[in-house]
Amino acid sequence: MQQLIFTNEVALALTQVINGKQYNRVFVLVDENTAREVLPLVKCEAIADACTITIPAGDTHKTLDTLSHVWQQLQEGGATRHSLLINLGGGVVTDLGGMAAATFKRGIDFVNCPTTLLSAVDAAVGGKTGINFGGFKNELGVFQEAQAVVISTKFFATLPAAELRSGYAEMLKHGMLESHAEFSRLLNFNVADASLDELLALLETSVKVKQRIVEQDPHEKGLRRALNLGHTVGHAFESMALHRGNPIPHGYAVAWGLVAETVLSHMKLKFASSDLQALAVFVRDNYGAFHITCDDYPLLLDYMHHDKKSVSGEINCSLLRACGDVETGVTVTDDDMSAALDIYRDLLGI
Ligand code: GLY
């Protein structure tokens, strides 16, 4: 089982992980931002002699060229099967670094140390690694779990508020998958003025929800699809925003997608309307709304039919009977989806 360490003493945690094994060389992968902002915060004796590999920041650099650069740096730095790669960054660094480590000499150990809330709650945990290829996101990759994931909220102090909110949407998703109590706890947290200590405690519960699901279905044959809650509509909103030339943060798309898919859950599986209303109020207050009219529905439906996770062109969603009670692979008709989008617009006041 993947070791998860929740701490604000990151240097100490890394030292313990490194000293627990006899690594002959340690490498640290950073992007140009985490090299400047985060690496100085985790400097410690255990990584004093580590070789730093720096890549450019941003999803446009999650490419074969960047991966090749990392392989080359590992090779030139003398990495062997007994070496360790520490991925210190957001989702691009942990996804690409994980793939570099999983494939170098058929696999070396790696540790993820996520520096954004979104990567801490999602990308860094659960063994999905990868890069974009041929115009498609995460087209190439392997499933390989990190040796350990060191999760701290101390890096989030300087994150823009929108980035915290973006990650928080994935926490809301985990809370809804877990239980009504967890859902309520998350709705009562003040994300606009987040206490990083309280957030660390919420994050621990949230990441463990994901870990439990992934353990039961590591290669996404069934239950792991539950983690797609909010993403069928969310991805369509993201694609539409990109098409309009006005991209939106992933987590915002997930928050709005959660509202639409909770409407569907209410329509198809009798999810409680009081919980739907509470979610909609929280999302409206913290994320605003993604503006659509009924003229946008044909394009949105088209994106959903072509979603990477759709089976034989049908729209498939993971929906909830109640918080903590998920049903994966629910087929949704175009009429159902259009009705849900109408109610999404009403709830968010569009
Ligand atoms: N991001 C969802 C998953 O890891 O399966």
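Both ligands and their constituent atoms are indexed starting at 1 by order of listing. All values below were derived from every heavy atom in this structure, side-chain atoms included, with hydrogens, water molecules and symmetry-related copies excluded.
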Are any protein N/O atoms closer than 3.5 Å to the N/O atoms of ligand 1? If there are, list each pair with names and the distance to one decimal place.
from     : atom 1 : to   : atom 2 : distance (Å)
ligand 1 : 1 (N)  : D122 : OD1    : 3.0
ligand 1 : 1 (N)  : D122 : OD2    : 3.2
ligand 1 : 4 (O)  : K210 : NZ     : 2.7
ligand 1 : 4 (O)  : R224 : NH2    : 2.8
ligand 1 : 5 (O)  : K128 : NZ     : 3.0
ligand 1 : 5 (O)  : R224 : NE     : 2.7
ligand 1 : 5 (O)  : R224 : NH2    : 3.3

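- Ring geometry for Y287 versus F282: interplanar angle of 30 to 60°, hence tilted.
- Taking the six-membered ring where tryptophan is involved, the planes of H219 and F143 are perpendicular, since the angle between them exceeds 60° and thus also 30°.
- Relative ring orientation between Y303 and H243 is described as perpendicular, the plane-to-plane angle rising above 60° on a 0-90° scale split at 30° and 60°.
- With salt bridges taken as basic N to acidic carboxylate O contacts below 4.0 Å, none links E220 and R225.
- Salt-bridge annotation for R81 and D109: absent, with no side-chain N of the basic residue lying under 4.0 Å from a carboxylate O of the acidic one.
- Residues that satisfy the side-chain hydrogen bond (donor to acceptor under 3.5 Å, both in side chains) test with E76, not counting sequence neighbours, are Q72.
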